[in-house]
Amino acid sequence: MTKKPTTMKTMQSVSPRSEPVQSRSIKRTQQILEVTSNLLETVGLNDLNTAIIAKEVGISVGSLYHYFPNKHAILYAMGKSWLDSIEEVLNDIEEWPVESLSLEDFIGQVVDINLRTYRQQKAVLRLVQAMFSVPELRELDERHDDMVISQMAKVFKRLGINKHIRERERIARHYLEVTHSSYLVIVNQNEQRATRTLQDLKIMLQSLLAHHLKSPE
């Protein structure tokens with residue numbers, strides 16, 4: 001029996017049409033990203049399309065295509081912008097006097113500065129879900145994980161976890177999975193529940209890192 005050839009879905013380009021240089025183009029690009037963020041929250045990923053985005057921006061679909069070739073390119077730009085903010089946080093942490101901080105102070109500061117980036121990104125939960133589920137955006141999800149794991153493994157060594165790099169990377173991945181999922185929950189909770197969840201997160205991190213600080217190399 002002859003098998004039918006499998007049809008492979010072609011990956012869409014996620015590159016913008018061109019980098020905006022004029023102030024008007026920069027402003028329009030930011031408007032498109034802002035509107036898409038709002039729509040991602042209200043209509044969801046599946047119902048989001050360039051026609052809806054263009055209508056909310058107040059331009060034609062053809063005009064929208066001058067900036068982005070498709071909705072995935074817009075989402076990619078949103079995700080990349082968010083990753084840039086995460087990278088800035090990691091760079092800030094790298095400059096902290098980690099060696100002189102108590103574990104409690106370190107956890108409090110690292111959680112607070114990271115949570116701020118999640119609160120500032122509109123529709124962050126849906127954006128993260130898109131980064132994980134849409135093939136064109138998966139690179140962003142992987143880059144996010146690699147970036148956080150690599151940087152935090154270095155920070156953990158300065159904190160006093162003197163283990164092999166592979167073990168510190170394993171701990172950093174555990175740290176990432178716990179914090180990343182918790183932040184996405186916290187930003188969608190009311191203030192009272194978010195406060196309790198945040199306290200639980202800090203307790204979990206305290207237990208995790210204290211254990212590895214005390215255990216032999």
Side-chain angles (χ1 to χ4, degrees), residues 33 37 40-41 78-132 137-217:
L33 297 179
S37 295
L40 187 60
E41 186 69 51
M78 286 171 53
K80 184 177 181 302
S81 176
W82 183 61
L83 256 62
D84 288 343
S85 69
I86 296 291
E87 186 174 18
E88 287 180 12
V89 164
L90 292 170
N91 290 337
D92 284 346
I93 295 172
E94 192 174 9
E95 299 299 318
W96 291 357
V98 174
E99 295 85 351
S100 63
L101 293 176
S102 68
L103 182 56
E104 183 178 0
D105 286 343
F106 169 75
I107 291 171
Q109 292 180 36
V110 81
V111 167
D112 289 346
I113 193 174
N114 276 285
L115 183 57
R116 197 174 306 136
T117 66
Y118 282 71
R119 292 192 188 280
Q120 290 172 345
Q121 175 60 55
K122 288 185 178 180
V124 64
L125 176 58
R126 292 185 182 274
L127 177 59
V128 168
Q129 290 172 335
M131 286 166 55
F132 180 78
L137 309 183
R138 194 63 188 268
E139 172 203 341
L140 294 174
D141 183 68
E142 294 171 354
R143 192 190 310 174
H144 169 264
D145 290 0
D146 291 344
M147 184 169 59
V148 174
I149 291 168
S150 174
Q151 287 291 84
M152 293 310 296
K154 296 175 185 177
V155 171
F156 290 161
K157 183 174 183 178
R158 293 177 56 205
L159 193 64
I161 300 178
N162 297 311
K163 297 178 182 289
H164 190 276
I165 180 61
R166 295 303 181 192
E167 177 64 4
R168 280 186 282 116
E169 287 175 344
R170 185 194 66 80
I171 298 168
R173 177 170 289 281
H174 192 185
Y175 160 89
L176 166 65
E177 298 297 343
V178 171
T179 55
H180 186 49
S181 58
S182 295
Y183 295 150
L184 293 174
V185 170
I186 291 169
V187 298
N188 286 284
Q189 290 180 318
N190 62 45
E191 185 176 355
Q192 188 177 40
R193 292 178 68 85
T195 298
R196 294 202 298 269
T197 304
L198 187 57
Q199 290 173 342
D200 289 343
L201 172 60
K202 291 178 179 179
I203 290 170
M204 287 189 288
L205 292 178
Q206 178 81 25
S207 177
L208 173 68
L209 298 181
H211 167 73
H212 290 290
L213 282 168
K214 292 177 183 178
S215 62
E217 295 182 19

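For residues 183-193, there are no salt bridge (Lys or Arg N to Asp or Glu O under 4.0 Å) pairs, not counting sequence neighbours. The side-chain hydrogen bond (donor to acceptor under 3.5 Å, both in side chains) analysis of residues 196-210, with sequence neighbours excluded, yields the pairs Q189-T197.
Considering only residues two or more places apart in sequence or on other chains, K80 meets the salt bridge (Lys or Arg N to Asp or Glu O under 4.0 Å) condition with D84. Scanning for side chain to side chain donor-acceptor pair (under 3.5 Å) contacts around R170 gives E167, with sequence neighbours left out. Q129 meets the side chain to side chain donor-acceptor pair (under 3.5 Å) test with no other residue; sequence neighbours excluded. With sequence neighbours left out, E177 forms a salt bridge (Lys or Arg N to Asp or Glu O under 4.0 Å) with R173. Residues satisfying the side chain to side chain donor-acceptor pair (under 3.5 Å) criterion with S100, sequence neighbours excluded, are absent altogether. For E41, the side chain to side chain contact (heavy atoms under 4.5 Å, CB included) partners two or more places apart in sequence, or in a different chain, are A123, R126. Partners of E139 according to the side chain to side chain contact (heavy atoms under 4.5 Å, CB included) rule, which considers only residues two or more places apart in sequence or in another chain, are Y76, R143. For E99, the side chain to side chain donor-acceptor pair (under 3.5 Å) partners at least two apart in sequence or on another chain are R158.
At least one side-chain heavy atom of L90 sits under 4.5 Å from a side-chain heavy atom of M152. Here the side chains of K157 and K154 are not in contact, with every heavy-atom distance at 4.5 Å or above. Residues V155 and F106 meet the side-chain proximity criterion, which asks for heavy atoms closer than 4.5 Å. Annotation: side chain of W82 is not in contact with side chain of L140 (no heavy-atom distance under 4.5 Å). A 4.5 Å side-chain heavy-atom check between L83 and M131 finds at least one atom pair inside the cut-off. Using a 4.5 Å heavy-atom cutoff, the side chains of I113 and I93 are in contact. Side-chain contact check for V111 versus L198: some heavy-atom pair is nearer than 4.5 Å. Q109 is not listed as a side-chain neighbour of D112, based on a closest heavy-atom distance of 4.5 Å or more.
Taking both residues in full, the closest heavy atoms of L159 and L213 are given as O-CD2, 3.6 Å, listed atom of the first, atom of the second, then distance. Considering all non-hydrogen atoms of both residues, A172 and A153 come closest at CB-N, 4.0 Å. Among all heavy-atom pairs drawn from D92 and W96, the shortest one is O-CD1, 3.1 Å. Closest heavy-atom contact between L127 and L40: N-CD2, 3.8 Å.
Within the model, atoms OG of S181 and CG of L176 stand 8.5 Å from one another, a figure rounded to the nearest 0.5 Å. Rounding to the nearest 0.5 Å places CG of D146 at 9.5 Å from CG of D141. We find the CG-CE distance between L209 and M204 to be 12.0 Å, quoted to the nearest 0.5 Å. Taking OG1 from T179 and CG from L184, the interatomic distance works out to 9.5 Å, rounded to the nearest 0.5 Å. In this structure, the separation between CD1 on I107 and CG on L101 is 11.0 Å, given to the nearest 0.5 Å.
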With a cut-off of 3.5 Å and sequence neighbours excluded, list every side-chain donor-acceptor pair involving residues 114-121.
from : atom 1 : to   : atom 2 : distance (Å)
N114 : ND2    : V110 : O      : 2.8
T117 : OG1    : N114 : O      : 2.6
Y118 : OH     : H180 : ND1    : 2.6

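No donor-acceptor distance shorter than 3.5 angstrom exists from the side chain of S150 to the backbone of M147, with no hydrogens or angles considered.
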